[in-house]
Protein chains: 2
Amino acid sequence: MPRKYATPASVPCAQCPLRRVGAFSANTPEEIAFIQQLKSGDIVLGAGAVLSREGVNIGQLHTLLEGWAFRFRTLSSGARQILNFLLPGDFIGLQERLGAHSSHGVELLTTARLCRFPAARLRELYTHHPSLGYDVTWIAAHEELIVDENLVSVGQRTAMQRIAMLLIHLYKRACSVGLQHPDGRVPFPVTQQHMADALGLSLVHTNKTLHRLRTSGHFAISNGMLALKRPEAISRLADYYARPLRERPLI
Amino acid sequence: MPRKYATPASVPCAQCPLRRVGAFSANTPEEIAFIQQLKSGDIVLGAGAVLSREGVNIGQLHTLLEGWAFRFRTLSSGARQILNFLLPGDFIGLQERLGAHSSHGVELLTTARLCRFPAARLRELYTHHPSLGYDVTWIAAHEELIVDENLVSVGQRTAMQRIAMLLIHLYKRACSVGLQHPDGRVPFPVTQQHMADALGLSLVHTNKTLHRLRTSGHFAISNGMLALKRPEAISRLADYYARPLRERPLI
DNA sequence: GTCACTCTATGTCTTTTGACATACCGGCCG
DNA sequence: CGGCCGGTATGTCAAAAGACATAGAGTGAC
């Protein structure tokens, strides 16, 4: 069962460990101070916890500081589609402001720490610091690009390509936020069921395809860590040619 | 071949016919005046014209005033995924600002009129009228919801459900911007190839599934007009329960 | 230690979807 | 007029993916 952990002392934004990762663009001290006073605190939730449910608007916005999560939607048939995976630095909740009820849920893959502020105060960002408002739009458009990419996979790639795509994509995203270990492996808390739900495949077919990809030496997963043997081969297999990563905003 | 039509006299934003459609939220006269001076003009392009190509950044943002279009991505195999359809009032180009080159193309389904302004001036919106900046974020998040919905279809629905979903979804969107004729039909410039590319199905299978859906009396298409016989039956078939439409911003 | 539970693995059979080939139909053009 | 082209329609066969059944491996609870 999802548990809510004791809230730890909130980390000041100026000392936010994510800001020391090269992936994020710098903000002025004034901007950081402003974000700081918006923040209502950190929360820590356990793996499997549901941050927000479909149909419910929690009125809070989050930035994922540590840990992995995913956004999903469920059909009345019970089928679940994972829309995208969330890694440290990702912003959560922009879509929820839109309707009285959220169209999707957010669930944690690992124990995670999140930075929280009230959705009602989002507008202040635009009035006090237009550049931060611009950043929020950037973040929304960037997340859409990731969903676009997933849609291309699910719509046009074979099962093998989809899986290759997911592996390389998550591998690169994990690396970009500094999760890569010295031996080249990255944490990988995604089960085969999650992959199946993200890629529009059945669990069994995911398992069998993964098996072929593993025995052909493309990757290895052990102890929740992913190793990609030949990243270029996997990219080629997936028909995936990533554009260079650029700095992105962090709120 | 795509032709560029003679540019007609640009319509002043205050008289924009879209603003008389109930679907869009009102702006203050100052906001409209500001949008007006951002605008560099209207352009009209013919059906099949490519507004922007994959890999190219045109440095222009558009609002679709009349006509239909779609965003798409192509894999090296030649397979094309339509990411979403664009109807009057939709904003085009937010994702393009993000990279030096756009990750997707935009092509017109019909002759269309677009309102254009330079992407470089987008920031002015945030500094001069924070509420308009907020609206742009809203638009980005709203478009992501549509892509989410498509991803759910392609990932989890059967061919029949996907097609039912596409029909009811486009039907409702067309109605919401006042395209519905008195007899209940709406324009439908989408070919079976477009549907196939949007839904991740082959052309042949799309055709056959469409046939079954048509002979079971769910819809009819003639002269480029779509009639939905029993919208509730189609929604049920598609496992689609739309949340009520709300006013949305127009830039 | 063993029970329960989650995740992974694998075999067999069925269903859905795709590939290829072919035909039809209406608009456009010389 | 006849030919071409884009879009639609249909048949046959093949491949991809799903459903169901069952089993093993790892982990945590008591």
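Lettering of chains follows the sequences in order, A, B, ..., and the numbering in each one begins at 1. If you're wondering where the values come from, they're calculated on a predicted model, not measured in any experiment.
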Notebook entry, point to check: Cut-off 3.5 Å, side chains only: do A:Arg116 and A:His62 have a donor facing an acceptor?
Noted result: yes
Notebook entry, point to check: Can you find a side-chain donor-acceptor pair between A:Ser202 and A:His205 that sits under 3.5 Å?
Noted result: no
If you check the [X] side chain, which of [options] turns out closest?
X	options	value
A:Val204	D:dG18, C:dA9, C:dT10	C:dT10
B:Thr158	C:dA9, C:dT17, D:dT10	C:dT17
A:Leu203	C:dA19, D:dA17, C:dT8	C:dT8
A:His211	C:dT10, C:dT17, D:dT10	C:dT10

Notebook entry, point to check: Do you know which of B:Glu54, B:Arg71, B:Arg73, B:Gln81 makes side-chain hydrogen bond (donor to acceptor under 3.5 Å, both in side chains) with B:His104?
Noted result: B:Arg71
Next item on the list: Fit a plane to each ring of B:Trp68 and B:Phe188, take the angle between them on a 0 to 90° scale, and name the class: parallel (under 30°), tilted (30 to 60°) or perpendicular (over 60°).
Entry: perpendicular
Taking [atom1] from [X] and [atom2] from [N], how many angstroms apart are they, rounded to a whole number?
X	N	atom1	atom2	value
A:His205	C:dT14	NE2	P	18 Å
B:Leu201	C:dT15	CG	P	20 Å
A:Asn207	D:dA17	CG	P	15 Å
A:Asn223	D:dG26	CG	P	10 Å
A:Arg157	D:dA15	CZ	C1'	20 Å
B:Leu210	C:dT17	CG	C1'	16 Å
A:Gln192	D:dA25	CD	P	16 Å
B:Phe188	D:dT8	CZ	P	10 Å

Checklist line | Side chain A:Lys208 and base D:dG18 donor-acceptor under 3.5 Å | finding: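 Under the 3.5 Å cut-off, the side chain and the base do not form any donor-acceptor pair.
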Check: Can B:Val152 and A:Leu83 be said to form a side-chain contact (heavy atoms from CB on, under 4.5 Å), step by step?
Finding: CA-CA 8 Å; B:Val152 171; A:Leu83 300 165; 4.0 Å; yes
Check: At under 4.0 Å between heavy atoms, what does A:Gly200 touch on the DNA or RNA strands: base, sugar-phosphate, or nothing?
Finding: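 Sugar-phosphate contact only.
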